[in-house]
Engineer: 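Attaching a single structure in structure tokens format; questions to follow.
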Amino acid sequence: MPKTNLIPPPESGPVYLRLAGVLEGMIRNQSLRPGDRVPSVRQFGRQQKVSVPTALNAYAALETRGLIEARPKSGYFVRRRQADAVRMPGWGRPAPRITDFSSLDPLDTLMSDHGDPAFVPLGAALPSPELLPGEKLARIMGAIARRIPGAGVSYDVMPGSEILRRELARRSLDWGCALQPDEFMVTNGCTEALALALRATCQPGDTVVVESPTYFGLSSVLRESRLKALPIPVDSETGIDLEMLATALRKTRVAACLLIPNFHNPTGFLMPEDRKKALMDLVGPRGIPIIEDDTYGDLQHQGTRPRCLKAFDRNGSVILCGSFSKTLAPGYRIGYISGGRWHAQLMRLKQISSLANATLPTLAVAEFLKHGGYDRHLRSLRQAYRSQMEHMREAVAASFPPGIGLSRPQGNLVLWCELPARVDSIELFQRARAAGISVAPGPLFAPDGGCRNFIRLNCGHPWSPLIERSVAVLGHLATELANKG
Ligand SMILES: Cc1ncc(COP(=O)(O)O)c(C=O)c1O
């Protein structure tokens, strides 16, 4: 029976979660393997010098994460996970080809289905409201409105609330950046930040490098701005193919690169630091702006927050965009931009596009960051996303047809799934909708028209029997399509 070393006392947070975290580490680094018995609760409590209820809580947390299971009269064992045997998704690596977008649009349906309780929400990449601090934010906003009624109804003019910008500057140390408050501007979500960045750096008809696959919102903004995409394939673990990028930059006049290096949507990769540096060395000296979408940067499942590309920016060529849509409140529409060399121009563009931001939500988010326990909230949110994703991976591995590929995101809340080649994900999307289930079909993410046999699954909702049943239904539908004559 394995013995656990004495685990250091917690620096912060509940003891049982720290203990669960260390045992989880042992399971993930294979010190404890699937099928191994873990120490009894009493034994573990004695080893770690904690009470039996604390040890029990740690085990309960590991059970919820799907990592251990109790067997009647035998104790606790490391669960055998089918998902670990599933390969990573692959996809063809087509030569980069400039694309004018067609008008495939299950996108509108996807967004409207998300708010409709008739659908199980596995489509849009959005957290369940029950995981977000809605009540606390509302209380904070009410208190601010009472305290400063005049300011609350006034414009939050450019560059946006200084209180929020100071909090962003403080947090930018975690991103490896040390930005100043006056290097930020507050925006209406990350979407506005990205649109402004493209307007500041490109003219209609220009070509923009994007990852393939990529978040469909980027394709939409390119299309509406009459820009062309030059999709460069990504590796599911390390991000954009730098060799292909180098070749493409030699052959094509590129106006900007639009990238999601931290916990990419849809594939979940985290670009390693050496590759981030190499990317900056490749693109920075050419004077090409890099628009970095860091929407998911705060959502690592384990360890420390990854650094942004902007941390490696020596000449102001990275325009960093982000928001609090996946962490606090998508409906508040609070995002930000740090525009490097283009910052002054971005402020002028923001002025003519929306003049100001909504004051009360901005101040509420600023106050939450300052005194509301944002870091504590992030810790529990990351844990929830991680556990929901583990459940989703297991459920998919158990019920989808053989031969699938499944991403292993180190952060984020979406899972990218490659289905057998014969499965048309648009047809699967339609059949799933008819069964009351929303999923995101692969072609939405493929600026070069591929990913026909891929789907993306949202893991933003607490695991439930309804979600479990829905994944089984999806598996059944995918099997039917795979076997279709
Ligand atoms: C990569 C990425 N960027 C931006 C957004 C949109 O963010 P916001 O709601 O802040 O506009 C999303 C939403 O799914 C996203 O996945």
Side-chain angles (χ1 to χ4, degrees), residues 106-108 110-115 121-129 131-132 160 164 168 184-198 208 210-222 224-225 229 231 234 239-240 257-271 290-300 306 308-309 319-338 350 353-354 357-358 361-362 365 385 389 407 409 411-416 438-440 442 444-447 456-461:
L107 182 54
D108 291 342
L110 200 66
M111 293 312 281
S112 59
D113 286 355
H114 190 84
L122 308 183
L126 280 168
S128 159
L131 296 175
L132 302 176
L164 179 56
L168 289 168
F184 282 102
M185 175 169 72
V186 181
T187 59
N188 282 297
C190 188
T191 302
E192 189 189 34
L194 296 166
L196 290 173
L198 286 169
V208 176
V210 293
E211 292 140 332
S212 176
T214 194
Y215 163 51
F216 47 68
L218 305 190
S219 310
S220 303
V221 68
L222 291 182
E224 296 309 323
S225 316
V234 300
I240 192 161
C257 299
L258 183 49
L259 306 174
I260 314 169
N262 289 335
F263 311 127
H264 178 254
N265 177 9
T267 69
F269 70 72
L270 168 63
M271 198 172 188
I290 299 181
I291 303 168
E292 175 176 19
D293 179 340
D294 196 41
T295 300
Y296 296 98
D298 273 346
L299 290 174
Q300 76 274 17
C308 292
L309 265 187
I319 302 179
L320 175 64
C321 304
S323 81
F324 295 96
S325 294
K326 311 295 171 182
T327 53
L328 282 181
Y332 279 30
R333 309 306 301 133
I334 307 301
Y336 53 86
I337 191 163
S338 179
K350 164 81 184 174
S353 87
S354 61
N357 300 304
T362 308
V365 166
Y385 287 164
M389 199 173 278
S407 63
N412 193 330
L413 69 163
V414 288
L415 204 57
W416 182 236
S438 173
V439 295
L444 282 184
F445 305 88
R456 191 196 67 183
L457 294 165
N458 175 38
C459 307
H461 286 249

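Both ligands and their constituent atoms are indexed starting at 1 by order of listing. Side-chain atoms are counted along with the backbone in the values below, which use heavy atoms only and exclude waters and symmetry mates.
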Engineer: Side chain or backbone of I260 under 4.0 Å from ligand 1, or both, or neither, by non-hydrogen atoms?
Structural biologist: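 Under 4.0 Å from ligand 1, I260 contributes side-chain atoms alone.
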
Engineer: Taking a cutoff of less than 4.0 Å between a non-hydrogen atom of the residue and any ligand atom, is H264 in contact with ligand 1?
Structural biologist: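 Not so, H264 does not reach ligand 1.
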
Engineer: According to the interplanar angle, ranging from 0 to 90°, do the rings of Y336 and F324 count as parallel (below 30°), tilted (30 to 60°) or perpendicular (above 60°)?
Structural biologist: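 Tilted.
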
Engineer: Look at the aromatic rings of F445 and F216 and report parallel, tilted or perpendicular, splitting at 30° and 60°.
Structural biologist: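 Rings of F445 and F216: tilted, as their planes differ by 30° to 60°.
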
Engineer: I want to confirm something. Looking only at heavy atoms, which of S325, G331, A329 is nearest to atom 10 (O) of ligand 1?
Structural biologist: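 Ranked by closest heavy atom to atom 10 (O) of ligand 1, first place is S325.
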
Engineer: Keeping N357 on the side-chain end and I334 on the backbone end, is there a donor-acceptor pair under 3.5 Å?
Structural biologist: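 Side chain of N357 to backbone of I334: no pair is present.
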
Engineer: How close does the nearest protein non-hydrogen atom get to atom 11 (O) of ligand 1, and which residue and atom is it?
Structural biologist: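 Here the closest protein heavy atom is T191 OG1, 2.6 Å.
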
Engineer: For L126, is there any backbone N or O sitting under 3.5 Å from a side-chain donor or acceptor partner on N458?
Structural biologist: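 The answer is yes, because a donor-acceptor pair under 3.5 Å joins these two groups.
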
Engineer: For atom 7 (O) of ligand 1, which of the options P266, P330, C190, G189 provides the nearest non-hydrogen atom?
Structural biologist: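 It is C190 that holds the nearest heavy atom.
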
Engineer: Which option, D293, L194, N188, owns the non-hydrogen atom nearest atom 1 (C) of ligand 1?
Structural biologist: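 That would be D293.
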
Engineer: Measuring from C257:SG to E292:CD, what's the distance to the nearest 0.5 Å?
Structural biologist: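 Rounded to the nearest 0.5 Å, the SG-CD separation comes out at 12.0 Å.
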
Engineer: Between N412 and F263, is there a donor-acceptor pair closer than 3.5 Å when you use the side chain of the first and the backbone of the second?
Structural biologist: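 Looks like yes, one N/O pair under 3.5 Å.
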
Engineer: Would you find a donor on one side and an acceptor on the other, under 3.5 Å apart, between the side chain of R456 and the backbone of G442?
Structural biologist: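 Looks like no, no N/O pair under 3.5 Å.
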
Engineer: Say whether Y296 and ligand 1 are in contact under the criterion: heavy-atom distance to a ligand atom below 4.0 Å.
Structural biologist: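 Under 4.0 Å: yes for Y296.
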
Engineer: Does ligand 1 have an atom that lies less than 4.0 angstrom from a heavy atom of E192?
Structural biologist: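 No heavy atom of E192 comes that close to ligand 1.
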
Engineer: For ligand 1, is any non-hydrogen atom under 4.0 Å from K326's backbone (N, CA, C, O), its side chain (CB onward), both, or neither?
Structural biologist: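 Side chain only.
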
